[in-house]
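Structure first, then comments.
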Number of protein chains: 4
Amino acid sequence: MQYKPSLPIYQQVEMDIIKDMLNGKLSPGSKMPSGRELALVYKINPNTAQRVYQELEHKGLCYTKRGMGTFVTEEEERLKTERIHLAKEYSREFLQRMKDLSVSKEQLRKYLEEELDASS
Amino acid sequence: MQYKPSLPIYQQVEMDIIKDMLNGKLSPGSKMPSGRELALVYKINPNTAQRVYQELEHKGLCYTKRGMGTFVTEEEERLKTERIHLAKEYSREFLQRMKDLSVSKEQLRKYLEEELDASS
Amino acid sequence: MQYKPSLPIYQQVEMDIIKDMLNGKLSPGSKMPSGRELALVYKINPNTAQRVYQELEHKGLCYTKRGMGTFVTEEEERLKTERIHLAKEYSREFLQRMKDLSVSKEQLRKYLEEELDASS
Amino acid sequence: MQYKPSLPIYQQVEMDIIKDMLNGKLSPGSKMPSGRELALVYKINPNTAQRVYQELEHKGLCYTKRGMGTFVTEEEERLKTERIHLAKEYSREFLQRMKDLSVSKEQLRKYLEEELDASS
DNA sequence: GTGGTCTAGACCACT
DNA sequence: GTGGTCTAGACCACA
């Protein structure tokens, strides 16, 4: 994984994990890699890995059993909420930006369809 | 103006000025506020104001005449290019994020229309 | 039983057992559950159960007969002493905390009566 | 300052600062020591100092201006809320503990008055 | 083995 | 100078 310098590594890893939670690679209640494993997989320092879990736990997306490991939250509702929360946030930010650029709704749709076609 | 802690202040001010260039409040060739004025208007540190102009000049959106001040670029083409460049970049980023959230195209459209309605 | 993450599980189980010793559910000299049983009842790791008895024995609240099991101490005096010891310690800690919060004695009494009413 | 091994240092420092916020040594809006200063004063690592502010900010008791420093929150209401929150939490915990020890309300009052007298 | 904390020290962007 | 992040590596309590 390649890290962008503009964003803290721990946030990039965090998003990558949230991604796996939402697309089903990490199912509710399942054990997540230990901090040390995470550090190895993502080639980051154990401290940074720790920070990732700290943030995820704070968002209610995982929980910790001491000496046992870290687990994906069992509350599926929480996961759905997070998806909606992020989707709305991103949408709002995106639209605000386009508005700031004085891009009309028609142009906006054009850009999106263009990119959608390009990616599909 | 309220600054978000997640983004450097100079970038937020920068975007605000670009916004004014694109919506016509700052027309091509017109004189921009001095660094000192900018600092006062936006309630930022003069160093930060300086940084803003530095970035804008680097993007070719303004230029400086020694002893005269800073001026919006006269090349309207440059402004349009900037708009398109940013719009595409934002669109691409937005779609990538939604993809990472496993949001389908249908849901995506729903979120957008929702927010568009809310803001209009 | 629900475990708080802020305190080691073995201490929580320990307190629960001391509670039973003081309220009479576990009478002096009576046999306590085996380590294995304890692990089952409290849904904890056998190692943790072992640790619980280790701590209790160290406090003189129980003793072990090789091959026979673990028994509540027969010295009733020891139980009373423990109660007083803990009560004083908790009181002192509590008052220190309230002092740190700059809570006056009047307010302190108010909080206590409030909680006492709520629980009764 | 002497640190207890039973509690993370960052939490002990945190409580010490909250104490100063509540007793008026740190007034709302005032600048707090820089991370480096804090590290020197409390004889801890800069990282640990950082953690302290991170936790305090998360609780809404201070906020950060990048490059400017960390400041006590201006919302006095937040401070009061925190005091009440902690006072109630401590009271509840204390009473639960006494209940677990099968200490009667009369005995409880006795212990408290005893300690109050001893400290005054 | 697992998470939690801590130290030491470095680099960077922002003001 | 300030906060924010990151690496390296260590120690400890807990299960």
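All chains are named by letter (A, B, ...) in the order of the sequence lines, taking the proteins before the strands, and each is independently numbered beginning at 1. Just so we're clear, the structure is a prediction, and the values are computed from it rather than from any experiment.
Within the structure, ring-ring contact (aromatic ring centres under 6.0 Å, His included) contacts touching residues 41-76 of chain A (residues at least two apart or in different chains) are A:H58-D:H58, A:Y63-A:F71. Pairs passing the salt bridge (charged side-chain N to carboxylate O under 4.0 Å, His left out) check and including a residue from residues 24-47 of chain D, sequence neighbours excluded, do not occur.
Residues D:K80 and D:E76 are not paired through a salt bridge, judged by the lack of any N-O separation under 4.0 Å between the basic side chain and the carboxylate. The pair D:E14-D:K59 meets the salt-bridge criterion, since a charged nitrogen lies less than 4.0 angstrom from a carboxylate oxygen. Salt-bridge check for D:E93 with D:K88: failed, with every basic side-chain N at 4.0 Å or more from each acidic carboxylate O.
Between E:dG3 and A:R66, no contact under 4.0 Å exists linking OP1 or OP2 to a side-chain N or O. Residue A:Q50 has no polar side-chain atom (N or O) positioned under 4.0 Å from OP1 or OP2 of E:dG3. At F:dC14, one or more side-chain N or O atoms of C:R51 fall inside 4.0 Å of OP1 or OP2 (strictly under the cut-off). Contact check, D:S34 against F:dG1: no side-chain N or O comes under 4.0 Å of OP1 or OP2. Between D:T64 and F:dT2, a side-chain N or O to OP1/OP2 separation shorter than 4.0 Å is absent.
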Could I get a table of every N or O pair under 3.5 Å where one atom is in the protein and the other is in nucleotides 9-12 of chain E?
unit_1 : atom_1 : unit_2 : atom_2 : d
E:dG9  : O6     : D:N47  : ND2    : 2.7

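Between the D:S30 side chain and the D:L26 main chain, no donor and acceptor come within less than 3.5 Å of each other. A donor-acceptor distance shorter than 3.5 angstrom exists from the side chain of C:R83 to the backbone of D:S102, with no hydrogens or angles considered. Panel note: side chain A:Q12, backbone A:K4; a donor-acceptor pair is recorded below 3.5 Å.
Expressed to the nearest 0.5 Å, how far CE of D:M21 lies from CG of C:L101 amounts to 13.0 Å. Remark: D:D20 CG to D:M32 CE distance equals 9.0 Å, nearest 0.5 Å.
Where D:M68 and A:M68 meet DNA chain F, the nucleotide closest to each residue was compared, and D:M68 sits on the side nearer the 5' end.
Listed candidates were F:dT2, F:dG4, E:dT7. Nearest to the side chain of D:T48 is E:dT7.
Of the residues in residues 5-17 of chain A, not one comes within less than 4.0 Å of DNA chain E through any heavy atom.
Here C:Q96 pairs with C:D100 under the side chain to side chain donor-acceptor pair (under 3.5 Å) rule; sequence neighbours left out.
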Check your understanding: Using Watson-Crick and G-U wobble pairs with both distances under 3.5 Å, what is the 5'-to-3' dot-bracket string of DNA chain E, with [ ] for crossing pairs and | for pairs outside the strand?
Key -> ||||||||||||||.

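Whole-Å rounding puts the D:K65 NZ to E:dA13 C1' distance at 18 Å.
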